[in-house]
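Computed from a prediction, not measured in an experiment: that's the story for all the values here.
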Amino acid sequence: MKNFIQSGNLIEVTAPAGGVTSGDGTVIGSLFGIAGSSAVEGTSVTIATKGVFELPKLSTAILATGGKVSWDADNSRCDAPGTGKYPIGVAVEAAGNGTSTVKVRLDGTATAAAS
């Protein structure tokens with residue numbers, strides 16, 4: 001295809017206010033991704049928009065295998081879907097109460113805070 005640009009699994013963006021740290025989740029506009037490197041605000045950084053990543057989660061959140069996972073941008077962690085949280089993908093393993101991480105398959109689609 002002459003108009004193909006890239007697969008979209010990795011996207012180069014401008015680091016948001018406060019910058020990003022390698023491995024951290026970030027929301028930039030309607031795009032959620034995992035920073036591939038650390039970058040200060042306003043510089044280029046590559047984010048992964050697809051794939052499976054182990055991410056921090058609210059320890060009291062209960063996420064079932066195959067259950068939807070959202071991003072709490074205010075606290076930089078995953079949580080169950082809810083108001084103000086950004087849908088990002090699904091849990092590939094159950095992560096119950098008392099666990100502080102969850103393995104998430106990112107959807108790679110546009111996202112917006114739930115209302």
I'd like to know if the side chain of [X] reaches the main chain of [Y], judged simply by a donor and an acceptor atom lying under 3.5 Å from each other, with no hydrogens or angles considered.
X: T83; Y: A114; value: no
X: N75; Y: R77; value: no
X: S37; Y: T46; value: no
X: E12; Y: V45; value: no
X: S38; Y: S22; value: yes
X: K57; Y: G96; value: yes

So how far is it from [X] [atom1] to [Y] [atom2], rounded to the nearest 0.5 Å?
X: I62; Y: T99; atom1: CD1; atom2: OG1; result: 9.0 Å
X: T111; Y: K85; atom1: OG1; atom2: NZ; result: 12.5 Å
X: K50; Y: S7; atom1: NZ; atom2: OG; result: 7.0 Å

Testing I47, L10, D24, L106 one by one against I34 for a side-chain contact (heavy atoms from CB on, under 4.5 Å), which residue passes?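 Exactly one pass, corresponding to L106.
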Which one of V27, T49, V69 satisfies the side-chain contact (heavy atoms from CB on, under 4.5 Å) criterion with I88?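 Going through the options one by one, the only one that passes is V69.
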Does [X] belong to the same Ile/Leu/Val/Met/Phe/Trp/Tyr cluster as [Y], with side-chain heavy atoms less than 4.5 Å apart forming each link?
X: F32; Y: I28; answer: no
X: V20; Y: W71; answer: no
X: L55; Y: V90; answer: no

Under 4.0 Å between a Lys/Arg side-chain N and an Asp/Glu carboxylate O for K103 and E54?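 E54 and K103: not salt-bridged.
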Please find the pair of heavy atoms, one from [X] and one from [Y], that lie closest to each other, and give the distance.
X: A61; Y: D79; value: CB-OD1, 3.4 Å
X: G18; Y: E41; value: N-OE1, 3.2 Å
X: A48; Y: F53; value: CB-CZ, 3.5 Å
X: A91; Y: L63; value: CB-CB, 4.4 Å
X: T26; Y: P16; value: OG1-CG, 3.5 Å
X: A39; Y: S44; value: CB-O, 4.0 Å

F4: hydrophobic cluster co-members (side-chain, 4.5 Å):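 Its cluster partners, ordered by chain and number, are M1.
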What's the verdict on side-chain contact (heavy atoms from CB on, under 4.5 Å) for C78 and V104, showing C-alpha distance, side-chain angles and the deciding distance? CA-CA 9 Å; C78 293; V104 181; 4.1 Å; yes
Given L31 and I11, is the side-chain contact (heavy atoms from CB on, under 4.5 Å) satisfied, shown in steps? CA-CA 10 Å; L31 188 63; I11 304 287; 4.2 Å; yes
